[in-house]
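To start, the structure under review is shown below, and the notes come after it.
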Amino acid sequence: MKFPNSATGFPLQDLIVGASVYFPPLFKAVMLGFLIWLVVHRLLRDWMYSGEVWHPMLMDLSLFTLSVCLGLVLLIAW
């Protein structure tokens, strides 16, 4: 029995070699931004839902958008 070391000829070769096609930088920025948002949301959650912020859901969405932008900046700078 012979086991080839390379993945040539396999039907799922593009899934093994072309990982950058399925995980573009924007997807990486969204995932990194989501992790940043989780930390920021945890720190600001009590303040946002205490009544001082007019609409906490919009504040959450704004924080998520800023976190994704920060994630993209971090990916570009790194």
Side-chain angles (χ1 to χ4, degrees):
M1 183 175 236
K2 184 178 179 184
F3 293 102
N5 291 337
S6 66
T8 57
F10 287 123
L12 296 178
Q13 179 182 1
D14 57 340
L15 291 177
I16 296 168
V17 176
S20 63
V21 173
Y22 296 105
F23 295 102
L26 185 61
F27 178 76
K28 293 176 185 177
V30 169
M31 293 308 294
L32 184 60
F34 180 69
L35 293 175
I36 294 169
W37 176 81
L38 283 175
V39 172
V40 171
H41 176 76
R42 178 84 177 180
L43 294 173
L44 298 177
R45 182 178 53 196
D46 293 334
W47 172 71
M48 283 192 312
Y49 291 107
S50 68
E52 290 185 38
V53 176
W54 173 68
H55 204 296
M57 194 71 95
L58 290 176
M59 182 80 169
D60 265 344
L61 184 61
S62 299
L63 285 175
F64 181 73
T65 304
L66 290 172
S67 298
V68 169
C69 290
L70 180 63
L72 186 60
V73 167
L74 289 174
L75 284 175
I76 289 171
W78 183 44

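Since we're looking at a predicted model, the values are computed, not measured.
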Is there side-chain contact between I36 and L74, with at least one heavy-atom pair below 4.5 Å?
-> yes

Identified side-chain contact (heavy atoms from CB on, under 4.5 Å) partner of V40 from the options L44, L43, L38 | L44

Co-membership, hydrophobic cluster, residues V73 and L75, 4.5 Å side-chain | no

Side chain proximity check, W37 to L70, heavy atoms < 4.5 angstrom | no

Can you tell me how far CG of L72 sits from CG of L26, rounded to the nearest 0.5 angstrom?
-> 7.0 Å

Between atom CZ of R45 and atom CE of M59, what is the distance when rounded to the nearest 0.5 Å?
-> 14.5 Å

Is there a side-chain contact between L63 and H41 (heavy atoms, below 4.5 Å)?
-> no

Near F34 CZ, under 6.0 Å, is it more than 12 heavy atoms from other residues, nucleotides or ligands?
-> no

